[in-house]
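Notes to accompany the following structure.
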Amino acid sequence: MTARLLPGAPAAAALLADVAARAARLPAPPRLVMVRLGDDPASVSYVRGKDRQARAAGLESTVHALPEATTQAELLALIAGLNADPAVNGILVQLPLPAHVSEQAVLHAIDPRKDVDGFHPVNVGELWAGRPALRPCTPAGILFLLDHYGLPVVGQRAVVVGRSHIVGRPLAGLLLNRDATVTVAHSRTPDLAAVTREADLLCVAVGQPHLITPGMVKAGATVIDVGINRVPGQDGGKAHLTGDVDPAVAEVAGAITPVPGGVGPMTIAQLLANTVTAAEMQAGGQGTR
Ligand code: NAD
């Protein structure tokens, strides 16, 4: 048996079509403002990609590219201005920040109603209370992908490997809100294979190439590989990206996301969806469940 492949591109396209339709129903195009400090190449490239896709989806997008030496007080003053500006619907501060700026202070300063990354403690609390709010992009994108491919969540035995604040924890919360039976495994979980073999739905967000091998997966399970690992090419060849799941797992699983091209495309699409949701909420609507 070879697993059904779950590419992200068609699901992301469906989500972006919905984003464009919802944006067109608002009185003005939703505005996303992104802030980045310094010239870290990965951050520059991520923000550029988000900016380009936002514009392509019919949103307004502004990037504040600030010098590395920007002080925390200067950054907080900028955020306060964006919070107060009714023309700004979504605010994203690209992480990581330089060491002299407290990530926590910055994330806590963003108005929760404009927190399109879903990292503010108010939004984290709303997620775990099962109330509508803005949700972290990668986990929310994964739920959209599962729904897009008609894969069941309700009543499934779900195992999330990884407990980061960006992926593992919020993904566990979203699955629980959708009535899955959820286990979270992590670096201190003894006998990981015994836990992962229980999963009908196995989601892996660790950052270790091919941590999950075929013997760790139940036959027919749905496997969501969040990992993005850059591995050097063999014999001096080009480096390439690979996931946390050994591709041989496709011989056991029922469905599996590829890396690259699986979960990756969902994250930016969901950021734009969150920006529209934020604009709708600010116009009196509800957030997402
Ligand atoms: P992180 O480093 O913050 O967290 C990793 C988690 O894995 C930790 O909770 C840790 O307990 C767990 N872990 C480490 N070793 C383990 C082991 N041997 N067994 C079980 N658990 C173990 O990472 P993150 O930010 O959650 O990212 C995880 C991966 O997902 C990375 O490869 C990252 O690049 C990728 N990622 C992809 C997207 C996307 O859009 N596709 C978004 C975010 C992160």
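What you see is a predicted model, and the numbers here were worked out from it, not measured in a lab. Just so you know, ligand 1 is whichever comes first in the structure, and atom 1 is the first atom listed for that ligand.
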Compare every heavy atom of [Y] with every heavy atom of [X], then report the nearest pair and how far apart it is.
| X | Y | result |
| --- | --- | --- |
| Pro214 | Val252 | CB-CG2, 3.7 Å |
| Arg197 | Val217 | CG-N, 4.0 Å |
| Pro67 | Leu37 | O-CG, 3.9 Å |

Of the listed options ([options]), which comes nearest to [atom] when hydrogens are ignored and any heavy atom counts?
| atom | options | result |
| --- | --- | --- |
| atom 30 (O) of ligand 1 | Ile268, Ile142, Val226 | Val226 |
| atom 22 (C) of ligand 1 | Ala205, Ser187, Pro139, Ser164 | Ser187 |
| atom 19 (N) of ligand 1 | Leu171, Thr242, Ile224, Leu192 | Leu192 |
| atom 23 (O) of ligand 1 | Val167, Ile166, Val206 | Val206 |
| atom 18 (N) of ligand 1 | Gln208, Arg188, Met266 | Gln208 |

Under 4.0 Å from any heavy atom of [X], which atoms of ligand 1 are there?
| X | value |
| --- | --- |
| Val161 | 20 (C), 21 (N) |
| Thr138 | 40 (O), 42 (C) |
| Thr267 | 39 (C), 40 (O) |
| Val263 | 41 (N) |
| Gly264 | 41 (N) |

Can Gly168 be said to touch ligand 1, with heavy atoms closer than 4.0 Å?
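Not so, Gly168 does not reach ligand 1.
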Decide whether the shortest distance between a heavy atom of Ala185 and an atom of ligand 1 is less than 4.0 Å.
no
For Asp51 and Arg36, what are the C-alpha separation, side-chain angles and deciding distance, and is it a salt bridge (charged side-chain N to carboxylate O under 4.0 Å, His left out)?
CA-CA 12 Å; Asp51 180 55; Arg36 68 170 170 79; over 6 Å; no
Under a 3.5 Å cutoff, is there a donor and acceptor pairing between the side chains of Thr62 and Arg31?
yes
Compute whether any side-chain donor of one residue and acceptor of the other, for Gln282 and Lys114, lie under 3.5 angstrom apart.
no
For atom OH of Tyr46, decide whether the heavy atoms of other residues, nucleotides or ligands shown that lie under 6.0 angstrom number more than 12.
no
List the closest protein heavy-atom neighbour of [atom]: residue, atom name, distance to the nearest 0.1 Å.
| atom | answer |
| --- | --- |
| atom 8 (C) of ligand 1 | Arg163 N, 4.0 Å |
| atom 29 (C) of ligand 1 | Gly207 N, 3.7 Å |
| atom 41 (N) of ligand 1 | Ile228 CD1, 3.5 Å |

With the threshold set at 4.0 Å, does a side-chain nitrogen-carboxylate oxygen contact exist between Glu280 and Arg22?
yes
Name all pairs fulfilling the side-chain hydrogen bond (donor to acceptor under 3.5 Å, both in side chains) condition that reach into residues 201-216, sequence neighbours left out, sorted by first residue then second.
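The answer is His210-Thr242.
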Can you tell if the side chain of Arg169 reaches within under 4.5 Å of the side chain of Ser164, non-hydrogen atoms only?
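The answer is no, as the side chains (C-beta and beyond) never meet within the 4.5 Å cut-off.
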